**Q** 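Let me give you the structure first, and then I'll get to my questions.
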Amino acid sequence: YVQSFTINVSNMKVISILGSTGSIGRSTLSVVDLHPEKFKIFALSGFNNNDLLLEQAIKFKPSFIVTKNLFSKKILMDKLKDTKLKTEVLYGDEGYTFIASHEKVTTVVAAITGSAGLISTIEAAKNGKQILLANKESMVMAGELINKICVENNSTLIPVDSEHNAIFQVLSKNSDSEEIKKIILTASGGPFRFHSLKNLQKVTVEEALNHPNWKMGKKISIDSATMMNKGLEVIEASHLFRLGIKKIEVVMHPQSIIHSFVEYIDGSSLSQMGSPDMRVPIAYALGYPNRITSGVEGVLLDKLSSLEFYKPDLKKFRCLDLCYQALSMGDAHCISLNASNELAVEAFLSGKINFIQIPELIEKMLVKTEVMNVNSVEHILELDNYARDETNKILNKTL
Ligand code: MG
């Protein structure tokens with residue numbers, strides 16, 4: 001009995017989800033829910049949405065849930081008393097780190113948005129976890145460092161971001177980067193893909209949040225509208241697949257059916273297709289190296305009228321251009337870009353700046369950034385803080 005129990009448990013992936021109440025977290029749980037024999041939820045974590053976190057805890061019965069602060073912890077503990085669940089409530093950075101590094105955990109879903117996800121992603125890497133990476137900002141800020149920590153601790157990164165997941169699916173395991181001519185990330189172009197540069201000045205927050213193909217959180221929706229999201233993905237791809245800037249291109253593809261291409265030196269281009277639903281890449285990452293059902297139907301080819309592709313307009317989508325510039329300048333510029341973008345998005349959402357001021361603010365911060373080597377978490381956080389202070393100064397003075 002003991003033996004068969006052990007075999008069962010070792011086949012199961014034991015999962016902590018960092019950011020379970022967000023869009024990626026919710027999609028992950030809906031795939032997990034289809035495969036109770038394959039996955040055990042060890043821990044869940046949220047930030048603002050305690051009600052949903054509690055609801056998820058009741059359904060998936062994790063050992064731990066993590067919330068943002070002591071106040072939220074007390075509220076959740078009170079509510080849990082009525083449920084007879086043995087789930088423990090933790091809070092704050094210590095809590096996120098605890099569930100990312102716990103010895104019982106095999107798999108960490110890194111789905112916290114923005115720089116807030118960096119430390120817990122690094123903790124998972126240090127502890128040899130399989131990391132399902134949805135937090136692109138951590139790769140933008142610390143790509144090479146995370147790669148190094150993963151190699152040293154036998155941790156693996158499986159990209160969840162749909163474009164990178166597509167490339168990951170396409171790349172054959174033994175394919176040499178010499179054999180790859182380039183990768184091409186597809187971009188829907190967001191809600192303003194058909195706007196003129198002039199019309200971009202007048203767009204509202206509501207319009208910017210209204211993505212035509214994907215339902216996502218606020219930060220990534222604004223990033224998609226500016227195409228910063230695609231630029232961050234270019235930087236993410238350079239680290240994940242260890243490719244130079246000249247081997248990473250972006251093509252507009254409004255239908256969001258093809259989720260990126262790999263072009264090989266022999267002239268073959270391979271791609272992955274799927275409905276624009278994050279459960280598809282999430283299921284691939286969860287099941288890897290096997291395929292499991294996701295709850296999503298395949299692409300209905302006869303219902304597709306056309307698949308279109310065209311070049312992005314870098315004058316209109318300056319954020320994309322700024323990402324290429326930051327990548328060519330190096331780590332410090334990528335950190336500055338990410339920090340100033342987070343503040344710019346917040347400032348836009350709160351009505352402080354207009355849409356076209358987002359790239360203006362980021363560019364001003366990039367100009368102030370010096371080229372330097374960055375090789376520790378402390379240094380990354382220091383540069384991140386510096387960029388936030390400086391960006392705030394620019395925001396308060398000149399805009
Ligand atoms: Mg993406």
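One-based numbering along the sequence shown. These numbers come from a predicted model, not from an experiment. Keep in mind that the numbers below use all heavy atoms, side chains included, and drop hydrogens, waters and symmetry copies.
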**Q** Looking at Lys129 and Glu123, does any basic side-chain N land under 4.0 Å from a carboxylate oxygen?
**A**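 No, no charged N to carboxylate O under 4.0 Å.
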**Q** Please tell me if the side chains of Asn165 and Tyr288 come closer than 4.5 Å, counting only heavy atoms from C-beta onward.
**A**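 Counting from C-beta outward, Asn165 and Tyr288 never come under 4.5 Å.
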**Q** I'd like to know if Asp321 and Arg318 make a salt bridge, using a cut-off of under 4.0 Å between side-chain N and carboxylate O.
**A** no
**Q** Could Lys181 and Asp266 be called an ion pair, given the rule that one side-chain N must be under 4.0 Å from one carboxylate O?
**A**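 Salt bridge: no.
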**Q** Looking only at the side chains, is there a donor atom on one of Thr391 and Ser340 sitting less than 3.5 Å from an acceptor on the other?
**A**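 Per modelled atom types, Thr391 and Ser340 side chains form no pair under 3.5 Å.
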**Q** Looking at Phe241 versus Phe168, is the centre-to-centre ring distance below 6.0 Å?
**A**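 Aromatic pair excluded; centres sit 6.0 Å or further apart.
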**Q** Answer with yes or no after comparing the ring centroid distance for Phe192 and Phe317 against a 6.0 Å cut-off, counting only values under it.
**A**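 No, ring centres 6.0 Å or more apart.
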**Q** Does a side-chain N-to-carboxylate-O contact under 4.0 Å join Lys74 and Asp78?
**A** no
**Q** Any chance the side chains of Ser256 and Asn213 put a donor and an acceptor closer than 3.5 Å?
**A**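 Yes, a side-chain donor-acceptor pair sits under 3.5 Å.
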**Q** Please determine if Glu152 and Lys148 form a salt bridge, counting it only when a charged side-chain N lies under 4.0 Å from a carboxylate O.
**A** yes
**Q** When rounded to the nearest 0.5 angstrom, what is the spacing between CG in Leu327 and NE2 in His333?
**A**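 With rounding to 0.5 Å, CG (Leu327) is 12.0 Å from NE2 (His333).
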**Q** Tell me if the aromatic rings of Phe261 and Phe309 count as close, with their centers under 6.0 Å from one another.
**A** yes
**Q** Do Asp313 and Lys315 meet the salt-bridge criterion of a basic N to acidic O distance under 4.0 Å?
**A** no
**Q** Would you please test Glu233 and Asp161 for side-chain contact (heavy atoms from CB on, under 4.5 Å) and show each step?
**A** CA-CA 8 Å; Glu233 288 179 357; Asp161 208 344; 3.0 Å; yes
**Q** Counting distance only, does the side-chain N/O of Asn354 pair as donor-acceptor with the main-chain N or O of Gln201 below 3.5 Å?
**A**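 No; judged by distance alone, with no hydrogens or angles, the pair does not exist.
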**Q** Are side-chain heavy atoms of Leu29 and Ile41 found at a separation under 4.5 Å?
**A** yes
**Q** Check whether any side-chain heavy atom of Met139 lies under 4.5 Å from a side-chain heavy atom of Leu157, and answer yes or no.
**A** yes
**Q** Side-chain contact, heavy-atom cut-off 4.5 Å: Ser45 with Ile65?
**A** no
**Q** Is the shortest heavy-atom distance from the side chain of His102 to the side chain of Val14 under 4.5 Å?
**A** no
**Q** Using 4.0 Å as the upper bound for N to carboxylate O, is an ion pair formed by Glu342 and Arg388?
**A**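 Glu342 and Arg388: salt-bridged.
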**Q** Can you tell if the side chain of Val203 reaches within under 4.5 Å of the side chain of His195, non-hydrogen atoms only?
**A**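 They are in side-chain contact.
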**Q** For Phe47, does the six-membered ring have the charged nitrogen or CZ of Lys68 within the cation-pi criterion, i.e. under 6.0 angstrom from the centroid and within 45° of the normal?
**A** yes
**Q** Salt bridge or not between Lys230 and Glu163? Use side-chain N to carboxylate O under 4.0 Å.
**A** yes
